[in-house]
Amino acid sequence: MNRNSSRSVFLWLIIFALVLFLIQSFKTLPVNQKLPYSEFKRLLKQGVIQDLRVSEDAIEGTYKAEGREQKFQTVPLPDPKLIEEMDQYGVRSYSGVQNRGWLTSIIGNIFYAAIFIFLWWFLFIRQMQNGGRQAMAFGRSRAKNQATKKGKVLFKDVAGVDEAKEELQEIIEFLKDPGKFQRLGGKIPKGVLLYGPPGTGKTLLAKAVAGEAGVPFFSASGSEFVEMFVGVGAARVRDLFEQGKKNAPCLLFVDELDAVGRHRFAGIGGGHDEREQTLNQILIELDGFESREGVILIAATNRPDVLDPALLRPGRFDRHIYVTPPDLKGREAILRVHVEKIKLAPTVDLSIIARRTPGFVGADLANVANEAALLAARNNRSAVEMQDMESAIDRVMAGPERKSRIISDREKQIVAYHESGHALVAKLTPGADPVHKVSIISRGLALGYTLQLPEQDRYLTSKSELFTRLLVLMGGRVAEQIVFGDITTGAQDDLTKATSLANRMVCEFGMSEAMGPVTYRKPEHEVFLGRDIASDRGYSEKTAQEIDKEVKDLLTKAFGHVKDLLSKNRDKLDAMAKALIEKEILTSEEVNRILGLPPSSKDAGA
């Protein structure tokens, strides 16, 4: 037993003795009135004493005074006639107390000692043991072995990311047969970084790699490494890689890597925070002195631009795989995966749904399929029909219908002309995306909406196409001004989008003749990086004024063009607004019929 343990035991023995002393003290604590023996004898002779209990050390009892009983205690003297006097003066009851030895006293205190020992063990020793176990487990990784769970994910469950799957196929082959690569002297990448917009399937891809390879798959989130205690994050990183080493070959997956992988030495508080120490440990584990063959780290993030450069260099995350939003073919494939367990009606055409969901990622398409099934069940249908899929798309894009919102007839008329302005400009402007639907039913925060769907996915956009978008955005505000001679707040979102688009055309795309083919980088970078806190915007105040003038001129030009277009086609604007007020929703075919336009192939296909 060491010195500290002996001192602790000695301290507890002292505490135990003090507790016993206090117990005895409270047991003998005088709570009665102390009387001299002479006073006791006087009261006895007066006949007011009711009860007595006689021992060698004390006489205790009660006497009656002023109509109530009073307890008393006195020290006895040698008095052989006491018992005769008690009988003589009418004491109601009297008794003696047996004298107990030291052994009897100790046995009587065993109960109190047992209670004390129990409390000592429960409140102190057990808490120390649990605290020790918790302290030892605090630095352990919280990564879970997904391979032990049911529902293994395979590549067939992941669609729309064929290029990313091809890149990851090499990882799978290495995990299955490492010798195939080692014989030729090749080394498998130590880390694979999956990056891309949210919802594109990065986490699902990592699970599919583990499922295809048939190896253990330890999954953790970046935020799980960072705690309020210093050193816990680094300890958990070490433990995660130790688990990987014991289960090699295996996959380690860290989701949301940007939670711990941001730039170091950039914050205002310096570079010694817990997050940076965790990042340092990740860097060491990925490319340290100790080789970890067969352990591959896959990480996912939506923000690769904020990651530390040391994390992205070869030797750590050797391979960077961009998980792109799906194209038309990919969206159809994703829809087929998500509707496998959904009963579809024969009329449902997933290729049409794929064309009507440009810009949707895998998570959006999964939500569309699920919402369609819920809508069909709500309407007591035996299968999901095409109209359920259409309603699900509207719900995901614009929010649920707000049928409880009651608007006045005038506001309804304003909304109808506003949306008719958007739709009419889109129909009469060459190069605009086809109008798929116009509605004045409130969804989410919008009182109405005009849905345009491009004919195909676009990766390049021309200046004329961007200007066409400005024209369509201005259609609602211009229609209100022409018809009512006044403007409302309904065009706030349109003006916000138009101003942002015009600003990007001038500042980022170099599409202003006055400003020239120059990109004026705006200070929109994250403050936490530290580097941009004190930097200026990169151009002078005069240039800023010229940029503002160019943006305003661009929007004013679009406004004037739309005003001239709608003024010349006022009859068509009135006809479309009247039809919207009556039906509330117009399809592309109905819009063409109202405007007297032939149904084009793009509208018929949409």
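Being a predicted model, the structure only gives us computed values, none of them experimental.
- Side chain of N379 to main chain of L375: a donor-acceptor pair is present (N/O by atom type, distance under 3.5 Å, no hydrogens or angles).
- For the residue pair E419 and T450, a side-chain donor N or O sits within less than 3.5 Å of a side-chain acceptor on the partner.
- Looking only at atom types and distance, the side chain of Q243 has a donor-acceptor partner in the side chain of D239 under 3.5 Å away.
- Remark: the H422 side chain and the D494 side chain contain an N/O donor-acceptor pair separated by less than 3.5 Å.
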Problem set entry | Residue pair L193, I321: steps toward the side-chain contact (heavy atoms from CB on, under 4.5 Å) verdict | CA-CA 6 Å; L193 179 66; I321 300 176; over 6 Å; no
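- Taking F467 as the reference, nothing meets the ring pair (Phe, Tyr, Trp, His ring centres under 6.0 Å) condition, with sequence neighbours excluded.
- Using a 3.5 Å distance cut-off with no hydrogens or angles, the side chains of D258 and T301 do pair a donor with an acceptor.
- Between R381 and E385, at least one side-chain N (NZ, or NE/NH1/NH2) sits under 4.0 Å from a carboxylate O, which counts as a salt bridge.
- Between the side chain of T200 and the main chain of G196, no donor-acceptor pair closer than 3.5 Å is present.
- With hydrogens and angles disregarded, a donor-acceptor distance shorter than 3.5 Å links the side chain of S462 to the backbone of E465.
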Problem set entry | side-chain contact (heavy atoms from CB on, under 4.5 Å) between L453 and D433, worked out | CA-CA 6 Å; L453 296 179; D433 292 332; over 6 Å; no
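- Between Y322 and Y195, the distance from one ring center to the other falls under 6.0 angstrom.
- Pairing each heavy atom of L365 with each of H338, the nearest pair is C-CD2, 4.4 Å.
- Atoms CG and OG, on D394 and S439 in that order, are 7.5 Å from each other to the nearest 0.5 Å.
- Closest heavy-atom contact between E285 and V237: CG-CG1, 3.9 Å.
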